[in-house]
Amino acid sequence: MDHRNHVQAVQECLRFCRDSFTCIPRTVIQLGTGLGDFVERIKVEHLVPYRDIPHFPQSTVESHQGNLIIGCLEGQTVAVLQGRFHFYEGYSTKEVAFPIRVLSLLGARTLILTNAAGGLNPLFFPGSIMVIRDHLNFLGENPLRGPNVDAWGPRFPDLSQAYHPRLIKTALNCASHCGLKNVVTGTYACIPGPSLETPAETRWLRDCGADAVGMSSIPEVIVARHAGMEVLGLSAISNINNPDDFQPITLEDIIETAGRIGPQIADLITAVITDKDISTE
Ligand code: HPA
């Protein structure tokens with residue numbers, strides 16, 4: 001999609017959202033693998049399949065449902081993206097981040113995202129929850145490439161604190177209040193996929209400083225920061241990749257482990273949303 005069509009698509013989608021929704025979400029929660037049940041915690045005001053939203057991409061991955069839900073969680077109006085789009089599905093990073101662009105223009109100020117990731121840090125284990133401190137973008141593409149829309153954000157957005165320090169602190173405090181002993185912090189690396197990493201690539205990613213690797217989220221984070229949103233990222237560590245003893249990685253294992261820690265991540269998100277530091281904004 002060229003620049004002019006992209007801007008027009010965003011504006012048309014924004015108009016649809018303004019006309020359809022009776023409340024403005026302040027927080028966007030983007031659900032990754034294993035978090036499908038999270039919506040049971042939401043008092044749903046609107047549930048719109050992605051296919052009914054003008055210009056929304058369509059999820060082609062079976063483990064991702066495709067609904068935008070607007071509703072109430074612990075007294076807060078939230079938008080829940082049930083399912084995301086990936087670069088490996090053939091979408092550009094601009095398309096991947098399209099929902100975040102639209103929701104930021106609608107008035108959302110915070111993005112909480114979750115994903116499943118392979119653990120690279122030898123201290124992690126399958127079932128760890130990683131609060132993302134920083135990222136490495138190995139997609140070879142940036143959603144802000146091309147003409148900048150100055151009304152949407154600056155040409156050169158600062159990413160020195162891509163993941164908001166206050167939200168990281170809140171998440172760690174909430175984890176300890178929730179009694180979660182499996183919460184760690186680290187750097188998330190995004191690869192294009194869909195093939196998984198070789199042992200040599202795994203060694204290299206570790207040497208680059210990555211603690212976990214996945215195939216998502218970074219385009220959305222870049223667009224959210226461009227739009228001035230604050231970001232919290234949570235990775236469900238579904239497998240551990242050890243270059244010296246590399247085990248095959250299967251989608252079934254990823255889904256099983258991510259599903260097992262999904263309820264803990266859901267508790268953590270609910271606690272973060274309830275925390276006065278974010279709810280008073
Ligand atoms: N690599 C890339 N993406 C992933 C992995 C992995 O090991 N596990 C879950 N998503």
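Order of appearance sets the numbers: ligands from 1, and atoms from 1 within every ligand. Quick note: numbers below take in every heavy atom, side chains included, and nothing from hydrogens, waters or symmetry partners.
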Taking C-beta and beyond as the side chain, do [X] and [Y] meet within less than 4.5 Å on heavy atoms?
{"X": "F85", "Y": "Y50", "answer": "yes"}
{"X": "V39", "Y": "V44", "answer": "no"}
{"X": "M215", "Y": "I191", "answer": "yes"}

### Task
Could you see which bit of N115 sits under 4.0 Å from ligand 1, with heavy atoms only: side chain, backbone, both or neither?
neither
### Query
Got a sec: does the CZ of R145 have more than 12 other heavy atoms crowding it under 6.0 Å?
no
Which ligand 1 atoms are under 4.0 Å away from a heavy-atom of [X]?
{"X": "V213", "result": "1 (N), 2 (C), 3 (N), 4 (C), 5 (C), 6 (C)"}
{"X": "E197", "result": "1 (N), 2 (C), 6 (C), 7 (O)"}
{"X": "S238", "result": "8 (N), 9 (C)"}
{"X": "N239", "result": "5 (C), 6 (C), 7 (O), 8 (N), 9 (C)"}
{"X": "I249", "result": "7 (O)"}

### Query
Do R225 and D158 sit within salt-bridge range, that is, some charged N less than 4.0 Å from a carboxylate O?
no
### Message
Check this for me, if you would: do K94 and D2 make a salt bridge, where the nitrogen-to-carboxylate-oxygen distance has to be below 4.0 angstrom?
### Response
no
### Message
I'd like to know if the side chain of N115 pairs up with that of S217 as donor and acceptor (distance under 3.5 Å, no hydrogens or angles considered).
### Response
yes
### Task
Could you check atom 3 (N) of ligand 1 against the protein and tell me its nearest heavy-atom contact, residue, atom and distance included?
G214 CA, 3.4 Å
### atom 10 (N) of ligand 1 - nearest protein heavy atom and its distance
A116 O, 3.5 Å
## Note on the structure
Restricting to heavy atoms, the pick from G118, P126, C190, S216 nearest atom 5 (C) of ligand 1 would be G118
